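Worksheet: the structure to be examined is printed underneath.
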Amino acid sequence: MIAIIDYDAGNLKSVEKACRRLGAQAVITRQAGEILKASHVILPGVGSFGTAMEQLKKYELDKVIYEAVDKGLPFLGICLGQQLLFEGSSESAGVEGLGILRGRIVKIPDTEGLKIPHIGWNSLELQNDGRLFAGIEAQPYVYFVHSYYLQAEDEKIVKAVTEYGARIHASVESGNVFACQFHPEKSSAAGLKILENFIKAAGSPSGA
């Protein structure tokens with residue numbers, strides 16, 4: 001069973017629907033016991049970094065996330081869910097992220113001809129043998145909706161990048177922790193394959 005963490009963020013239902021389309025049982029929940037008994041955990045989300053951290057702490061889901069990761073459960077952050085796994089964001093000065101991975105979230109720079117937020121399809125440049133991208137053709141197109149992006153501290157955990165006014169770390173993996181800035185649940189066949197690869201993940205540290 002896949003637990004989709006409910007902290008009053010948007011986009012939970014579309015993730016649930018995509019998982020079920022792949023034949024997986026999925027439940028949207030904020031119950032600690034249900035999350036920790038799951039085979040996989042997903043932290044989706046769209047919205048403000050500071051508000052999201054406030055909500056996670058309100059429901060004590062930050063503690064549940066740490067426990068799930070420490071337990072070795074395959075864990076996937078999507079969009080804002082990827083950003084929250086890191087140390088902080090320029091969107092919400094002074095607000096600490098979960099700090100499970102090292103790096104910062106910064107605003108996409110103003111660039112002539114590019115609109116912010118970045119909404120739409122971009123191709124990925126795959127690198128470092130990401131498990132999420134097994135069996136996926138080079139330079140897959142995926143769907144983004146964001147104004148901030150990740151600068152990971154360790155380039156080795158970065159498994160996909162894209163260009164949009166900056167070199168964006170679009171997907172990372174470290175041990176049993178996976179994350180992507182784009183929305184696999186809205187990225188057609190390539191996105192479903194990415195979710196399928198996550199569902200197949202056993203949380204092994206390969207490529208960390």
Side-chain angles (χ1 to χ4, degrees), residues 2-19 26-36 38 40-70 73 75-110 114-120 142-153 162 164-166 168-172 174 177-187 191 195:
I2 299 171
I4 300 168
I5 295 177
D6 179 7
Y7 59 110
D8 295 333
N11 204 48
L12 304 185
K13 283 288 187 181
S14 58
V15 174
E16 178 189 36
K17 183 177 178 181
C19 290
V27 61
I28 297 171
T29 181
R30 63 173 64 113
Q31 299 300 317
E34 204 164 22
I35 294 168
L36 294 173
H40 298 68
V41 181
I42 299 179
L43 178 66
V46 293
S48 159
F49 187 96
T51 300
M53 282 305 305
E54 184 179 308
Q55 290 297 104
L56 288 177
K57 290 180 178 179
K58 172 184 173 181
Y59 296 119
E60 298 189 337
L61 288 166
D62 52 337
K63 298 174 184 177
V64 180
I65 289 170
Y66 292 134
E67 190 171 346
V69 170
D70 287 346
L73 297 178
F75 190 100
L76 174 64
I78 296 175
C79 194
L80 181 59
Q82 167 172 281
Q83 298 180 7
L84 295 169
L85 293 171
F86 287 83
E87 295 164 295
S89 172
S90 62
E91 180 182 20
S92 303
V95 177
E96 292 186 2
L98 293 167
I100 290 169
L101 301 174
R102 302 291 295 275
R104 301 290 298 178
I105 310 302
V106 298
K107 197 172 193 324
I108 296 173
D110 290 326
L114 296 181
K115 293 182 178 179
I116 300 174
H118 170 206
I119 301 175
V142 294
Y143 189 77
F144 288 85
V145 182
H146 65 126
S147 299
Y148 293 81
Y149 73 100
L150 167 65
Q151 293 179 333
E153 186 173 298
T162 196
Y164 195 84
I168 291 168
H169 290 166
S171 185
V172 297
S174 180
V177 178
F178 304 78
C180 42
Q181 181 61 62
F182 57 89
H183 289 269
E185 77 283 1
K186 296 182 179 179
S187 296
L195 285 174

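What you see is a predicted model, and the numbers here were worked out from it, not measured in a lab.
Of the inter-residue distances, the one linking Q83 atom CD with L150 atom CG reads 8.0 Å to the nearest 0.5 angstrom. Expressed to the nearest 0.5 Å, how far CZ of F86 lies from CD of Q151 amounts to 11.0 Å. Atoms CD1 and CD1, from I4 and I42 in turn, are 5.0 Å apart once rounded to the nearest 0.5 Å. The distance from atom CD1 of I108 to atom NZ of K115, rounded to the nearest 0.5 Å, is 14.0 Å. Distance check, rounded to the nearest 0.5 Å: CD1 of I2 to SG of C19 gives 4.0 Å. From C79, atom SG reaches atom OH of Y148 across 13.0 Å, with rounding to the nearest 0.5 Å.
Within the structure, the salt bridge (Lys or Arg N to Asp or Glu O under 4.0 Å) test picks out the following pairs touching residues 46-62 (sequence neighbours left out): E60-K63. Among residues at least two apart or in separate chains, salt bridge (Lys or Arg N to Asp or Glu O under 4.0 Å) pairs with a member in residues 82-92 are E87-R102.
Residues forming a side-chain hydrogen bond (donor to acceptor under 3.5 Å, both in side chains) with S90 (at least two apart in sequence, or on another chain): none. For A166, the side chain to side chain contact (heavy atoms under 4.5 Å, CB included) partners at least two apart in sequence or on another chain are P109, Y149. Partners of I119 under the side chain to side chain contact (heavy atoms under 4.5 Å, CB included) rule, at least two apart in sequence or in another chain, are P117, Y143, V145. Residues that satisfy the salt bridge (Lys or Arg N to Asp or Glu O under 4.0 Å) test with R104, not counting sequence neighbours, are absent from this structure. K13 meets the side chain to side chain contact (heavy atoms under 4.5 Å, CB included) test with E16, I28; sequence neighbours excluded. Residues forming a side-chain hydrogen bond (donor to acceptor under 3.5 Å, both in side chains) with E67 (at least two apart in sequence, or on another chain): none. Residues satisfying the ring-ring contact (aromatic ring centres under 6.0 Å, His included) criterion with H118, sequence neighbours excluded, are F144, H146, Y164. In terms of the side chain to side chain contact (heavy atoms under 4.5 Å, CB included) criterion, residue partners of E34 (sequence neighbours excluded) are, by chain and number, M1, V27, T29, Q31. Annotation: side-chain hydrogen bond (donor to acceptor under 3.5 Å, both in side chains) contacts of Q82 (sequence neighbours excluded): none. Checked against side-chain hydrogen bond (donor to acceptor under 3.5 Å, both in side chains), Y66 has no partners two or more places apart in sequence or in another chain.
Looking at V15 and P184, their side chains never come closer than 4.5 Å, going by heavy atoms from C-beta outward. Proximity of L43 to I5: side-chain heavy atoms (C-beta onward) are separated by under 4.5 Å at one or more points. At least one side-chain heavy atom of F49 sits under 4.5 Å from a side-chain heavy atom of L84. Two residues are said to be in side-chain contact when any heavy atoms from C-beta on lie closer than 4.5 Å; R30 and L61 meet this criterion.
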For a side-chain contact (heavy atoms from CB on, under 4.5 Å) check, start with the C-alpha distance between F75 and I65, then their side-chain angles and the critical distance, and finish with the verdict. CA-CA 9 Å; F75 190 100; I65 289 170; 3.7 Å; yes
Evaluation steps, side-chain contact (heavy atoms from CB on, under 4.5 Å), between I78 and H183: CA-CA 6 Å; I78 296 175; H183 289 269; 4.0 Å; yes
Report the C-alpha separation of V46 and L80 in whole Å, then their side-chain angles, then the decisive distance to 0.1 Å, and conclude whether the side-chain contact (heavy atoms from CB on, under 4.5 Å) test is met. CA-CA 5 Å; V46 293; L80 181 59; 5.6 Å; no
For the pair L76 and L195, evaluate side-chain contact (heavy atoms from CB on, under 4.5 Å) and give the outcome as yes or no after the intermediate values. CA-CA 9 Å; L76 174 64; L195 285 174; 3.9 Å; yes
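Side-chain contact of Y59 with D8: a donor-acceptor pair under 3.5 Å is present, judged by distance alone.
Under a 3.5 Å cut-off, the side chain of S171 and the backbone N or O of C180 do not form any donor-acceptor pair.
Closest non-hydrogen pair, Y7 versus P44, comes out as OH-O, 2.6 Å. Closest non-hydrogen pair, A38 versus A3, comes out as CB-CB, 3.7 Å.
Tested against V69, the residues I100, V41, L85, L98 include a single side-chain contact (heavy atoms from CB on, under 4.5 Å) partner, I100.
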